[in-house]
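Working notes for the structure below.
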Amino acid sequence: MTDSSPDLLLVGGGLQAGLIALAVLHERPGTRITILERDARLGGNHTWSFHSGDVAQQDEGWIAPLRQWSWGSYEVFFPELTRTLESGYTSFDGEHLHAVVSERMAQAPGCAILLGTPVTAVDARGATAGARIEASLVVDCRGPERAPIQLDYAGGYQKFVGLELELDAPHGLSRPTLMDATVDQHDGFRFVYVLPFTDTRVLVEDTYFSNTPDLDVATLRQRVGTYISAKGWSIARELRQEQGVLPMPSREVALGPGPPLVGGYAGGWFHPGTGYSFPVAARLASFIASRPVDEVLGTDLRALVGQIQDQQRYGLLLNEMVFEHGDPATRWHAFQRFYGLSEATISRFYALRTTRADRLRSVVGLPPRGVSVPRALGSLVRYVRERHSA
């Protein structure tokens, strides 16, 4: 390394890299950071969301600029349950992430974002992007396509097609709809996710918790259109489309402390039971910012990995019950039952900070309709034994 080498090298310019850069520059101004991104912009074509309970109070200062759209509550709709949850919810898109991170990096001496820079190799001391760049700490934040659990995994998947739309008239919504499961069920558990950005601008996603990774974009677009028509809305213009297929594993995620440290979805820093990546990615960013870069790797990081994995195991258990032991046609019952729990329990589940009591509340009693009782009990017994021996 030379005197001009960065202290921290972030490979990939998605959510994880953006969160790390914001956290480190907030907590340790003067840190020299370089971000390498193959595309022409940070953030890609994504929308990320998080609940108020996902953010630790000490992290609010650096997370606040990301709050592009925020609401004080959200709704869920099931055939036998309608509920408004008085919990804050925030969303932001890739364009906003790019703007926030770019502005903060431009204000910081010695920091640089190198766009249009594909990386061919990454190791514990640096990366090759045409030239060799070395740093005291390297975090590989490249995307989900490099995840240890790929789409040939024979478990469950979250897949979706979302359309961001400008409507002809106000939609009348005051809060997000996280799950509208009153729609016709197809391909496992289907629900529609709705974010009202302005009075006339809305994101509508047709989402599935399915046993297959197959994504029929044309059919899902059509179903979004059907949902919009049923609401009585009229589309003025389509602003953007996003789509994705993410594994929802039921076997342990290969999350490790490096080196090199792999962050984001590819490193296993996500919630296996929801598909949300923000809560865990933010915890890694906060951890990295809490100490000098040359002290990040070590015992404390291994302890954090252990804490995350312990929480993830519960999500893996639930995925096993839902995807491997349940009837896809009645899968919605499991999620309806979950949303009947207390708001505090639901909040801790999303934040991947469940307590023992939370886990007991979720599994006590008969399994939801369509879930095999003997197989569910077998999975639960194995989970308890593994936790006891860990």
Side-chain angles (χ1 to χ4, degrees), residues 12-16 18 37-50 66 68-69 71 74 89-100 115-116 142-145 147 151 157-171 173 176-181 183-210 212-248 264-265 270 274-278:
L15 175 68
Q16 182 70 87
E37 168 54 40
R38 67 184 178 185
D39 293 330
R41 194 191 74 185
L42 304 176
N45 182 29
H46 300 284
T47 301
W48 293 283
S49 299
F50 59 94
L66 292 174
Q68 186 176 10
W69 302 290
W71 305 269
Y74 65 89
Y89 196 71
T90 292
S91 297
F92 60 96
D93 60 22
E95 185 175 353
H96 185 70
L97 178 72
H98 173 83
V100 170
L115 300 173
R142 290 175 290 176
E145 66 273 10
L151 293 183
Y157 304 86
Q158 179 183 171
K159 55 192 183 184
F160 61 90
V161 170
L163 301 182
E164 187 174 339
L165 306 164
E166 186 70 34
L167 304 178
D168 280 335
H171 46 64
L173 302 178
T177 297
L178 262 61
M179 287 185 177
D180 185 348
V183 295
D184 293 340
Q185 294 295 298
H186 304 279
D187 194 13
F189 172 47
R190 177 193 174 211
F191 63 92
V192 177
Y193 174 73
V194 184
L195 297 178
F197 295 145
T198 70
D199 287 346
T200 56
R201 181 181 170 194
V202 64
L203 175 68
V204 182
E205 285 190 355
D206 196 36
T207 307
Y208 299 76
F209 286 2
S210 169
T212 76
D214 306 322
L215 186 67
D216 185 342
V217 175
T219 296
L220 270 60
R221 282 181 58 91
Q222 184 179 47
R223 289 174 182 165
V224 169
T226 300
Y227 185 84
I228 290 169
S229 296
K231 289 289 185 181
W233 300 338
S234 179
I235 300 172
R237 61 192 176 103
E238 181 179 321
L239 304 175
R240 185 173 63 93
Q241 174 182 305
E242 62 179 84
Q243 62 194 62
V245 180
L246 295 174
M248 296 185 71
Y265 204 99
F270 67 96
T274 66
Y276 280 69
S277 52
F278 183 94

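Note: T47 OG1 to L195 CG = 7.0 Å, rounded to the nearest 0.5 Å. Taken from CG in L163 to CG in L203, the straight-line distance is 8.0 Å, to the nearest 0.5 Å. From W233, atom CH2 reaches atom CG of L173 across 4.5 Å, with rounding to the nearest 0.5 Å. From D168, atom CG reaches atom CD1 of I235 across 9.0 Å, with rounding to the nearest 0.5 Å. Annotation: the span from L246 atom CG to Y265 atom OH amounts to 4.5 Å, rounded to 0.5 Å. For the atom pair OH of Y227 and CG of D184, the computed distance is 12.5 Å after rounding to the nearest 0.5 Å.
Scanning all heavy atoms of the two residues, the minimum distance from D187 to S210 falls at OD1-OG, 2.8 Å. Looking at every heavy atom in both residues, F189 comes nearest to A181 through CE1-CB, 3.6 Å. Residues E242 and F160 share a closest heavy-atom pair of OE2-CE1, 3.9 Å.
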Exercise. Evaluate side-chain contact (heavy atoms from CB on, under 4.5 Å) for F50 paired with F92, printing each intermediate quantity in order.
Key: CA-CA 9 Å; F50 59 94; F92 60 96; 3.9 Å; yes

Exercise. For the pair R38 and R142, evaluate side-chain contact (heavy atoms from CB on, under 4.5 Å) and give the outcome as yes or no after the intermediate values.
Key: CA-CA 10 Å; R38 67 184 178 185; R142 290 175 290 176; over 6 Å; no

Quiz item: Should V183 and Q185 be marked as a side-chain contact (heavy atoms from CB on, under 4.5 Å) after you check the CA-CA gap, both sets of side-chain angles, and the distance that decides it?
Solution: CA-CA 6 Å; V183 295; Q185 294 295 298; 4.2 Å; yes

Quiz prompt | Worked check of side-chain contact (heavy atoms from CB on, under 4.5 Å) between F278 and S49 | solution = CA-CA 7 Å; F278 183 94; S49 299; over 6 Å; no

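Remark: the backbone N or O of D199 is paired with a side-chain donor or acceptor of H171 at under 3.5 angstrom. Within the 3.5 Å criterion, the main-chain N or O of S91 finds no donor-acceptor partner in the side chain of Q68. Under the 3.5 Å distance criterion, the side-chain polar atoms of Q158 are matched with a main-chain donor or acceptor of T274. With hydrogens and angles disregarded, no donor-acceptor distance shorter than 3.5 Å links the side chain of R201 to the backbone of E164.
Around atom CD of E238, more than 12 heavy atoms belonging to other residues, nucleotides or ligands sit under 6.0 Å away.
With K159 as reference, T212 is the one residue of D214, D206, T212, T207 to meet the side chain to side chain donor-acceptor pair (under 3.5 Å) rule.
Contact of the L115 side chain with the H98 side chain is registered, since non-hydrogen atoms from C-beta on lie closer than 4.5 Å. The side-chain heavy atoms of D180 and V194, taken from C-beta on, include no pair separated by under 4.5 Å. The closest side-chain heavy-atom distance from V217 to Q241 is below 4.5 Å. Two residues are said to be in side-chain contact when any heavy atoms from C-beta on lie closer than 4.5 Å; L215 and L220 meet this criterion. For the pair W69/D93, a side-chain contact is recorded, criterion being any heavy-atom separation below 4.5 Å from C-beta on.
Residues meeting the side chain to side chain contact (heavy atoms under 4.5 Å, CB included) test with S277, sequence neighbours left out: L15, W48, F270.
Below 30°, between 30° and 60°, or above 60°: for Y89 and Y193 the angle between ring planes is above 60°, a perpendicular geometry.
Ion pairing of R240 with E95 is absent here, as no side-chain N (NZ or NE/NH1/NH2) approaches a carboxylate O to less than 4.0 Å.
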